[in-house]
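Contents: one structure, followed by commentary.
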2 protein chains.
Amino acid sequence: MKPSSAAKAATLHDVARLAGVSLITASRALSKPELVSDKTIARVQEAVAQTGYLPNLMAGGLKSRRSQMVAGIIPALSVAQFLPTLQTLTETLAQSGYQLILGQTGYDVQREEALINTMISRRPDGLFMTGLVHAAAARERLQKAGIPVVESWDFSPQPVDMLVGFSHPAVGAAIADYFRRQGRQRVGIASANDPRALQRCAGFEARWGQPVPTALVPAPSGLARGREALSALLAQSPALEAVYCSSDQMAQGVLVEAQARGLRVPEDLALCGFGNAEFSAHMVPALTTVHVDGAGIGQRAAQMILQRCAGQPVTEPVQDMGFSIIERRSTERAAT
Amino acid sequence: MKPSSAAKAATLHDVARLAGVSLITASRALSKPELVSDKTIARVQEAVAQTGYLPNLMAGGLKSRRSQMVAGIIPALSVAQFLPTLQTLTETLAQSGYQLILGQTGYDVQREEALINTMISRRPDGLFMTGLVHAAAARERLQKAGIPVVESWDFSPQPVDMLVGFSHPAVGAAIADYFRRQGRQRVGIASANDPRALQRCAGFEARWGQPVPTALVPAPSGLARGREALSALLAQSPALEAVYCSSDQMAQGVLVEAQARGLRVPEDLALCGFGNAEFSAHMVPALTTVHVDGAGIGQRAAQMILQRCAGQPVTEPVQDMGFSIIERRSTERAAT
DNA sequence: CTGTTAGCGCATTCAT
DNA sequence: ATGAATGCGCTAACAG
């Protein structure tokens, strides 16, 4: 018995032989024990233990047409936004025996399309997307594949299949309304240049009603980008009173840069972020931001996929999860 | 032609028939074109385009015993530490046509073991672990499975197979040395309670030579935990001069709490983090921290796995990636 | 260069 | 409650 890879893994055949039963009985003992006598089950179990048998899900899946895998497509793992969603999705799926296969598009529509094809080749039982499916060919492919598809973190009246998300233009508009309600005049935007962040910018500007000084930085946005962005904004508009930032991470950078320039937040400059990151409530000043239930998105998406895999209909295939502005110190008005 | 899932996906058989060639010729035209005439390839390609054929990798993998998948096991997606590693790993593997299947252990050894079994059932061509494989049974299983395994972000003289990481006790010791060299007297530790962070604490304290006030918080550590930790530390040791934090995120929290208490960093309190996050260089003050090449770990791990999948030997199966202390403003000595 | 034959490991029919 | 045959879709061997 060499420790090398020589020894082929035990198959169900080996288990059946050792247990003195037929192949199919061994199979049933493991996956449908209610159809097999307790004595037989015990014998099979022991044979499994002795041989160290682990089922080959590829073989089982080939026949049963269920791979027990779900494809997950994201722009990039480094986008902190999506982490709670992915974490919950992975966990919820795992509880039902499904694993996630991960793919990253890098915000590139061509890579997204290629990735979707690659994923379909693995015959996943479902597919999860952050964002919408952009390529028309991919949409068609997915529809033809006939598996449950959940698009997320965005909104569309005509999703490929199911959707759990919210409207980014509405977020932008809500922040514009909020700043206006506070009586702010000279507002600016510090945003990443990814499609969803740009939708928020557009929503903000449309509601604001006039051009808004905007500094765009490459996605994914972080603290360093926030510092750059505020510098760029102040160059355009020195008397800035309030800034909407496309992520809380970026807002941290705007805060640091403001402090480095001797600007007080919120007295001289008000800040609103997006995402309600774990740290935002604990910054000084605490950060006003837009809360989105990322973990909830992941859980609902997983439930929808699992439900459909179980053959049940999904009652509400398009869910707007909404959002809410969390007011904190960083946009407090001076008590004049 | 209903748009529903009724229409079964085209198989290679359909493609072959349409192209007027045999099954295996169609197969070769797609996967080993150098063995097939250009004319035939063109005919097959067209049949593929017409049918919308996408290969079934489960079926191919069953026969060829290569699934083109790599299992990736991490504690939790929310641990920012590992993101660059995972991102690079996923990308590098994808370039060679491999996809990553993700599993999360939640730092639980039992879940880790169960997950490894589940993963083996999918017959991945390789397995990547953040950390070491803890359960003895799992180590054995992996060795018997005969696939390339890379453990990472830690060090062990006897890995299951291959390893790319570094020594956490050595990190702790290096920071202790650094503080001592600076002439700091009253030092403290603010650390998460995960196994690797605890190793760094132990290394620090051993090198320091006497008990070090320590505040432990649950992993994963973030800004909020850092604030808590500094409060706890100051309660124990009011005259604290320097703190080592087990992550840069946590160091941010310690900084915020220090500032909230009117302590100046570095004049009143020096700070050293761990991880060299993207933001650390841009904080005010910029954060001294320990740099670890997380992306490099992911890339090397991917290369090792790919090399072994290609049947080539890996010349250096155990790689210590080392680490380095990046000195920045947060530990600067006053120019007395 | 192309085709024929024979499985990969398992689960779904049917039968008993 | 158990078993025998059949095939999921594809590729590794060998032949031609």
Side-chain angles (χ1 to χ4, degrees), chain A residues 5 7-44 47-48 51-69 97 120-125 145-146 311, chain B residues 5 7-44 47-48 51-69 97 120-125 145-146 311:
Chain A
S5 61
K8 276 211 286 192
T11 74
L12 192 54
H13 189 85
D14 301 328
V15 172
R17 227 164 15 104
L18 192 64
V21 297
S22 79
L23 189 65
I24 183 60
T25 302
S27 170
R28 281 199 278 251
L30 297 176
S31 48
K32 295 176 182 170
E34 68 276 12
L35 296 180
V36 177
S37 76
D38 291 358
K39 217 178 62 184
T40 309
I41 292 179
R43 286 231 305 278
V44 171
V48 166
T51 54
Y53 169 76
L54 284 176
N56 183 332
L57 260 43
M58 299 187 79
L62 185 58
K63 183 68 191 172
S64 66
R65 299 175 166 291
R66 292 185 304 103
S67 61
Q68 304 273 99
M69 298 192 299
I120 292 180
S121 282
R122 303 207 175 276
R123 302 297 187 265
D125 295 336
Chain B
S5 60
K8 275 211 285 193
T11 73
L12 193 52
H13 189 85
D14 301 327
V15 172
R17 227 164 16 104
L18 192 64
V21 296
S22 78
L23 190 64
I24 186 63
T25 302
S27 169
R28 283 199 277 249
L30 297 175
S31 48
K32 296 178 182 173
E34 68 276 12
L35 296 180
V36 177
S37 76
D38 290 358
K39 217 178 64 185
T40 309
I41 292 179
R43 287 230 305 278
V44 172
V48 166
T51 54
Y53 169 74
L54 284 177
N56 183 332
L57 261 41
M58 300 188 78
L62 185 57
K63 181 68 191 171
S64 66
R65 299 173 166 291
R66 291 183 306 102
S67 60
Q68 303 274 98
M69 298 193 299
I120 292 180
S121 282
R122 302 206 176 275
R123 303 296 188 263
D125 294 336

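In what follows, chains are A, B, ... by sequence order, proteins preceding strands, each numbered from 1. As a basis for the values below, the full set of heavy atoms in this structure was taken, side chains included, without hydrogen atoms, waters or symmetry mates.
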Please write out each protein N/O paired with an N/O of nucleotides 8-10 of chain D under 3.5 Å, distance rounded to 0.1 Å.
residue, atom, partner, partner atom, Å
dC8(D), O3', R65(A), NH2, 3.0
dC8(D), O2, K63(A), N, 3.4
dG9(D), OP1, R65(A), NH2, 2.5
dG9(D), N2, A59(B), O, 3.1
dC10(D), OP1, Y53(B), OH, 2.5
dC10(D), OP1, N56(B), N, 3.3
dC10(D), OP2, L12(B), N, 2.4

Would you tabulate the side-chain donor-acceptor contacts of residues 57-67 of chain A under 3.5 Å, counting partners in other chains and residues two or more places apart, or write 'none'?
residue, atom, partner, partner atom, Å
S64(A), OG, G60(A), O, 2.9
S64(A), OG, R66(A), N, 3.4
R66(A), NH1, Q68(A), OE1, 3.4
S67(A), OG, M69(A), N, 3.3
S67(A), OG, R123(A), O, 2.7
S67(A), OG, D125(A), OD1, 3.4

When the side chains of residues 15-30 of chain B are checked against the rest of the protein, which donor-acceptor pairs come out under 3.5 Å, sequence neighbours left out?
residue, atom, partner, partner atom, Å
S22(B), OG, T25(B), N, 3.4
S22(B), OG, T25(B), OG1, 3.1

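Between the S121(B) side chain and the L54(A) main chain, no donor and acceptor come within less than 3.5 Å of each other. With T51(A) contributing its side chain and A47(A) its backbone, the two residues share a donor-acceptor pair below 3.5 Å.
The CD1-C1' distance, from I24(A) to dA1(D), rounds to 12 Å in whole Å.
Between I41(A) atom CD1 and E34(A) atom CD the span is 8.5 Å, to the nearest 0.5 Å.
Using a 4.0 Å cutoff to heavy atoms of chain A, the contacted part of DNA chain C runs 5' to 3' from dG9(C) to dT12(C).
Residues D14(B) and Y53(B) have side chains not in contact (no heavy-atom distance under 4.5 Å, counting atoms from C-beta outward).
Direction of the helix axis in the helix from dC1(C)-dG16(D) to dT16(C)-dA1(D) shifts by 30° between the two five-pair termini, rounded to 10°.
Across residues 33-41 of chain A, L35(A), V36(A), S37(A), T40(A) each have a non-hydrogen atom less than 4.0 Å from an atom of DNA chain D (numbered order).
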